[in-house]
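Chain letters run A, B, ... following the sequence lines, proteins first and then strands; every chain starts at 1.
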There are 2 protein chains.
Amino acid sequence: MIRLNRTTEYGLIALRHMSQRRQNITSAREVADQYGLPFEITAKTLQRLRDCGLIQSAQGAHGGYMLKKELEEVTLAEFLQLMEGPQAVVVCAPPMGSGHVGCECEYKGKCEIKGFMTDLNTRVFRFLSSIRLNELGRLRTVLAIGDEP
Amino acid sequence: MIRLNRTTEYGLIALRHMSQRRQNITSAREVADQYGLPFEITAKTLQRLRDCGLIQSAQGAHGGYMLKKELEEVTLAEFLQLMEGPQAVVVCAPPMGSGHVGCECEYKGKCEIKGFMTDLNTRVFRFLSSIRLNELGRLRTVLAIGDEP
DNA sequence: TTTATATACGATAATAGTTATCGTATATAA
DNA sequence: TTATATACGATAACTATTATCGTATATAAA
Ligand code: SF4
Ligand code: SF4
C-alpha cells in the first residue's frame with residue numbers, strides 16, 4: 001500500500017540535487033551519472049517535473065534544468081499526484097487533491113466499508129499534505145552503524 | 001503509493017461482517033455471496049486471517065469462521081503487514097513493525113535521500129499505527145447525495 | 001556551416017505484481 | 001453416505017511498473 005514508485009524517487013533525488021546547487025543549471029546526464037540512475041528515465045522524469053512547473057528547462061548545448069518553485073511550497077501529496085497520477089486509497093474514493101471524481105467499483109452497492117475507506121483516504125491525504133519537499137534538504141544520508149555487512 | 005490491495009479490502013469487509021454478527025459463525029460462502037466477492041479469493045483471505053490469528057476456523061459441515069481478536073487491538077499497520085507482507089516506503093527502509101531488515105538498493109552508495117525516506121517511513125508507520133480496525137464498525141456507508149448519476 | 005551536447009517525445013519491450021481460477025484433499029454434521 | 005465446509009498448491013490472466021529504443025529539435029561554440 002505504501003511503496004513509492006522508482007520514478008518518484010528519481011524525481012526527489014533530482015530535486016534535492018538541484019536544491020543543493022542553487023543558481024546553477026544541471027542536466028539529466030549529470031544527475032544520472034552522479035547517482036548512477038538510468039539516463040533515459042531520469043531525462044523523462046525531469047521533463048515531467050518541467051511539465052508540472054516544478055523546474056524549468058533550457059534546450060541546446062549548455063542547456064539543462066533549474067529549480068523554478070520553492071520546495072517549501074510543494075507538499076508530498078502534490079508531488080505524488082504529479083509523479084504518479086491521481087492517488088486514492090481505494091478506487092471508489094476521490095483521488096487526492098483535485099475533485100470528487102469518485103470512481104466506479106463493482107462492489108459499490110453492497111459494500112459496507114466505503115465510509116471507513118473514504119475517511120481513511122481523507123486522513124492519508126492530510127498526512128501527505130503535512131510533509132513538504134524542503135525536508136529533502138534537511139536530512140542527509142546518515143549511514144547507521146552496522147548498516148553494511 | 002497509497003492504494004490498498006483488493007485482498008486487504010476483502011479482509012476488511014469480512015472482518016466488519018463478523019464484527020456485526022458477534023457470537024455467530026460465518027463462512028466464506030456467506031461473505032462472498034452477501035457482498036458479491038469472488039468466492040475463491042474470499043476463502044483464501046479468510047484462511048490467511050486465520051493463519052494470522054485474527055479469526056478462528058472450524059472445518060466441516062457447520063463450520064466457518066469467527067472473530068478471535070478484538071478489532072480494537074489491531075492497528076491498520078499490523079493488518080497491512082499481515083495481508084500484504086512487510087511494508088516500507090522504499091526498499092532500503094526497514095519494513096514496518098518487525099526488524100531492521102533494511103534491504104538492498106542498487107543506488108544505496110550514492111543516494112542522498114535515504115535519510116528523508118527513512119524518516120518518512122517511520123512517520124507513515126506511526127500514522128498507520130494510529131488507526132485501529134474497530135473504526136470499521138463506527139462508520140457506515142454513507143451514500144453522498146449525487147454520488148450516483 | 002558543421003559539430004557536439006542538450007532536451008523532447010512517441011513507441012515498445014521487459015519485468016514484476018496483483019488478481020482470479022482450477023483442481024484436489026480433508027474435516028465434520030446430519 | 002452425502003452435503004457442506006475449510007485447506008492448499010499450482011497456474012493463468014491481467015495490470016502496472018520499469019527500462020529501452022529511435023528519432024526529432026534546439027543551441028552554443030568551433
Ligand atoms: S466500494 Fe467498497 S470495495 Fe469498492 S473500492 Fe470502495 S471501499 Fe473498496
Ligand atoms: S537508497 Fe535511496 S534510491 Fe535506494 S531505496 Fe533508499 S532512498 Fe530509494
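The CG-P distance, from B:D51 to D:dC8, rounds to 7 Å in whole Å. What separates CD1 of B:I25 from P of C:dT28 is a distance of 12 Å, to the nearest Å. The NE2 atom of B:H62 sits 14 Å away from the C1' atom of C:dA27 (whole-angstrom rounding). As rounded to whole Å, 14 Å separates atom P of D:dT6 from atom CE of B:M66. Rounded to whole Å, atom C1' of D:dT18 lies 17 Å from atom CZ of A:F39. Counting to the nearest Å, the P atom of D:dT25 and the CD atom of A:Q47 are 15 Å from each other. The distance from atom CD of B:E106 to atom C1' of D:dT18 is 11 Å, rounded to the nearest whole Å. Note: CZ (A:R29) to C1' (C:dT7) measures 12 Å, nearest angstrom.
Among D:dC21, D:dC8, C:dA20, the nucleotide with an atom closest to any side-chain atom of A:E40 is D:dC21. Minimum atom distance to the side chain of A:A28 is reached by C:dT7, of the listed C:dT7, D:dA7, C:dT21. For B:P38, taking side-chain heavy atoms from C-beta onward, the closest of the listed nucleotides C:dT21, D:dA19, D:dT6 is C:dT21.
Cation-pi geometry between A:R138 and B:F116 is not met: the NZ or CZ atom fails to fall both under 6.0 Å from the ring centre and inside 45° of the normal.
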Residue pair A:R123, B:E135: steps toward the salt bridge (charged side-chain N to carboxylate O under 4.0 Å, His left out) verdict: CA-CA 13 Å; A:R123 288 205 257 176; B:E135 292 191 30; 2.3 Å; yes
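Taking the nucleotide of DNA chain D with the nearest heavy atom to each of A:L4 and A:Q59, the more 5' of the two is matched to A:L4. Comparing A:R50 and A:G63 along DNA chain C, the residue whose closest nucleotide (by nearest heavy atom) sits nearer the 5' end is A:G63.
Enclosure of atom CZ in A:R126 is not indicated, since only 12 or fewer non-hydrogen atoms of other residues, nucleotides or ligands lie within 6.0 angstrom.
Among the protein residues, A:A43 comes within range of no part of the nucleic acid, since none of its heavy atoms lies under 4.0 Å from any strand.
Taking only side-chain nitrogens and oxygens, A:R48 never comes nearer than 4.0 Å to OP1 or OP2 of C:dT7. Proximity of B:Y10 to the phosphate of C:dT18: no side-chain N or O atom is located under 4.0 Å from OP1 or OP2. Remark: A:T7 is not in phosphate contact with D:dT17, judged by side-chain N or O atoms under 4.0 Å from OP1 or OP2.
Side-chain heavy atoms closer than 4.5 Å link hydrophobic residues (I, L, V, M, F, W, Y) into clusters, and following such links, even through other members, never connects A:I25 to A:L46. Residue B:L128 is grouped with residue A:F127 when hydrophobic side chains (ILVMFWY) are merged at heavy-atom distances under 4.5 angstrom, including chains of intermediate members.
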For nucleotides 10-16 of chain D, tabulate all protein N/O to nucleotide N/O atom pairs closer than 3.5 Å, reporting atom names and distance.
residue : atom : partner : partner atom : Å
D:dA10  : N6   : B:K44   : NZ           : 3.0

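Atom-to-atom distance recorded for A:Q20:CD and A:L136:CG is 9.0 Å, nearest 0.5 angstrom.
With both pairing distances under 3.5 Å, C:dT28 is matched to D:dA3 as a Watson-Crick or G-U wobble pair.
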Please report, to 0.1 Å, the donor-acceptor pairs under 3.5 Å made by any side chain of residues 52-78 of chain B, with sequence neighbours excluded.
residue : atom : partner : partner atom : Å
B:T75   : OG1  : B:E78   : N            : 3.1
B:E78   : OE1  : B:T75   : N            : 3.2

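A 4.5 Å side-chain heavy-atom check between A:Y107 and A:C92 finds every atom pair outside the cut-off.
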